[in-house]
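Read the structure below first, then the notes.
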Amino acid sequence: MTRNAVALTLVQVVNYVAPFVILARLTHVLGVATYGVVAFSTGMMQFAVSILDLGFSLSATQKISVFRDRKIYVSRLAGAVYVIKIGTFLVGAAVIVAYAMSSEKYAEYRMAFVLSLLPLLGHTLQPLWFFSGIERMRDMTVFIVLGKMVSVAVVLLMVRGEPDYLW
């Protein structure tokens with residue numbers, strides 16, 4: 001139990017610190033308008049993440065925790081969660097792409113909206129709820145922390161000015 005609590009705490013710390021480091025870098029090197037587009041795109045993705053979760057982080061975690069010994073049930077539940085999440089992702093992605101393609105205001109930044117779907121897809125496929133349910137958070141923590149560190153490194157190394165906003 002202690003290892004899982006420490007793992008979840010580490011995930012939360014990284015989830016709070018990494019965006020601040022990225023925020024500091026982007027506000028420094030991007031202009032106000034370009035940073036505003038990146039922030040708007042990020043905000044849209046955070047809204048989509050809230051919708052994509054659909055309460056699975058609580059309900060699926062609880063069901064897997066209770067029925068972890070019933071392998072067939074757990075595999076069917078996990079499959080159902082992924083089908084719903086991927087279907088929801090596809091609908092959300094279609095809405096975001098439609099908005100990006102129809103908006104005249106963001107015409108030159110369309111690719112930013114499309115590329116911002118990649119982290120959203122990663123969130124969709126991330127099985128944090130599953131590993132929480134089977135109480136194996138160490139594996140997931142390593143994956144999440146490394147992913148966040150790579151994201152921060154990419155921003156720090158690759159974003160040098162306004163033209164690099166797609167990174």
Side-chain angles (χ1 to χ4, degrees), residues 11-12 14-23 25-27 29-64 73-134 139-141 143-159 161-167:
V11 167
Q12 287 301 319
V14 170
N15 280 339
Y16 285 118
V17 172
F20 281 120
V21 172
I22 290 172
L23 173 73
R25 177 67 176 174
L26 293 181
T27 55
V29 298
L30 299 179
V32 173
T34 305
Y35 177 74
V37 169
V38 170
F40 180 65
S41 174
T42 302
M44 286 178 62
M45 293 313 114
Q46 286 302 104
F47 180 72
V49 162
S50 298
I51 293 171
L52 273 171
D53 183 42
L54 296 169
F56 290 130
S57 62
L58 299 175
S59 62
T61 300
Q62 185 267 338
K63 288 197 183 306
I64 288 173
Y73 176 80
V74 170
S75 65
R76 285 186 178 167
L77 176 65
V81 168
Y82 275 117
V83 166
I84 293 168
K85 287 183 88 159
I86 290 170
T88 306
F89 168 79
L90 293 173
V91 170
V95 169
I96 290 168
V97 168
Y99 174 77
M101 296 305 161
S102 66
S103 173
E104 292 298 320
K105 184 176 183 178
Y106 297 108
E108 70 178 280
Y109 299 106
R110 288 182 176 139
M111 188 54 72
F113 290 98
V114 172
L115 288 175
S116 64
L117 292 172
L118 291 175
L120 187 60
L121 177 62
H123 179 79
T124 300
L125 300 175
Q126 188 178 55
L128 185 60
W129 51 271
F130 177 77
F131 284 100
S132 294
I134 63 170
D139 302 333
M140 202 63 209
T141 299
F143 178 74
I144 291 171
V145 170
L146 286 175
K148 294 284 183 176
M149 291 173 69
V150 167
S151 296
V152 170
V154 166
V155 169
L156 293 176
L157 295 172
M158 304 301 284
V159 181
E162 264 187 71
D164 301 325
Y165 75 96
L166 290 176
W167 283 105

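None of these values were measured; they are calculated from a predicted model.
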### Task
Only counting residues at least two apart or in another chain, list the ones meeting ring pair (Phe, Tyr, Trp, His ring centres under 6.0 Å) with Tyr82.
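Testing Tyr82 for ring pair (Phe, Tyr, Trp, His ring centres under 6.0 Å), a comparison that skips the adjacent residues, returns Trp129.
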### Message
Under the rule for ring pair (Phe, Tyr, Trp, His ring centres under 6.0 Å), what residues qualify as partners of Tyr109, not counting sequence neighbours?
### Response
Tyr165
### Side-chain donor-acceptor contact under 3.5 Å, Ser41 with Ser116
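Judged by distance alone, the side chains do pair up.
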Sub-4.5 Å side-chain heavy-atom contact between [X] and [Y]:
{"X": "Leu117", "Y": "Met45", "answer": "yes"}
{"X": "Ile144", "Y": "Gln126", "answer": "yes"}
{"X": "Val114", "Y": "Ile96", "answer": "no"}
{"X": "Tyr35", "Y": "Leu23", "answer": "yes"}

Heavy atoms only: give me the nearest [X]-[Y] pair and the separation to one decimal.
{"X": "Gly161", "Y": "Leu30", "result": "O-CD2, 3.5 Å"}
{"X": "Ala60", "Y": "Val81", "result": "CB-CG2, 4.1 Å"}
{"X": "Val49", "Y": "His123", "result": "CG1-NE2, 3.4 Å"}
{"X": "Gly31", "Y": "Glu162", "result": "N-CG, 3.4 Å"}

### Message
Please verify the inter-ring angle class for Tyr106 with Phe40; under 30° counts as parallel, over 60° as perpendicular, anything in between as tilted.
### Response
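Taking Phe40 first and then Tyr106, their aromatic rings lie parallel (interplane angle under 30°).
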From [X] [atom1] over to [Y] [atom2], what is the distance, rounded to the nearest 0.5 angstrom?
{"X": "Gln46", "Y": "Leu120", "atom1": "CD", "atom2": "CG", "answer": "9.0 Å"}
{"X": "Arg25", "Y": "Leu157", "atom1": "CZ", "atom2": "CG", "answer": "8.5 Å"}
{"X": "Asp53", "Y": "Leu58", "atom1": "CG", "atom2": "CG", "answer": "7.0 Å"}
{"X": "Leu52", "Y": "Ile84", "atom1": "CG", "atom2": "CD1", "answer": "12.0 Å"}
{"X": "Lys85", "Y": "Leu54", "atom1": "NZ", "atom2": "CG", "answer": "7.5 Å"}
{"X": "Ile22", "Y": "Thr42", "atom1": "CD1", "atom2": "OG1", "answer": "9.0 Å"}

Would you say [X] has more than 12 foreign heavy atoms packed within less than 6.0 Å of its [atom1]?
{"X": "Met101", "atom1": "CE", "result": "yes"}
{"X": "Tyr73", "atom1": "OH", "result": "yes"}
{"X": "Phe130", "atom1": "CZ", "result": "no"}

### Query
What's the verdict on side chain to side chain contact (heavy atoms under 4.5 Å, CB included) for Asp164 and Met158, showing C-alpha distance, side-chain angles and the deciding distance?
CA-CA 7 Å; Asp164 301 325; Met158 304 301 284; 6.0 Å; no
### Leu128 backbone acceptor or donor facing Ser132 side chain under 3.5 Å
yes
### Message
For Ile86 and Leu121: C-alpha separation, side-chain torsions, deciding distance, then whether side chain to side chain contact (heavy atoms under 4.5 Å, CB included) applies.
### Response
CA-CA 8 Å; Ile86 290 170; Leu121 177 62; 5.9 Å; no
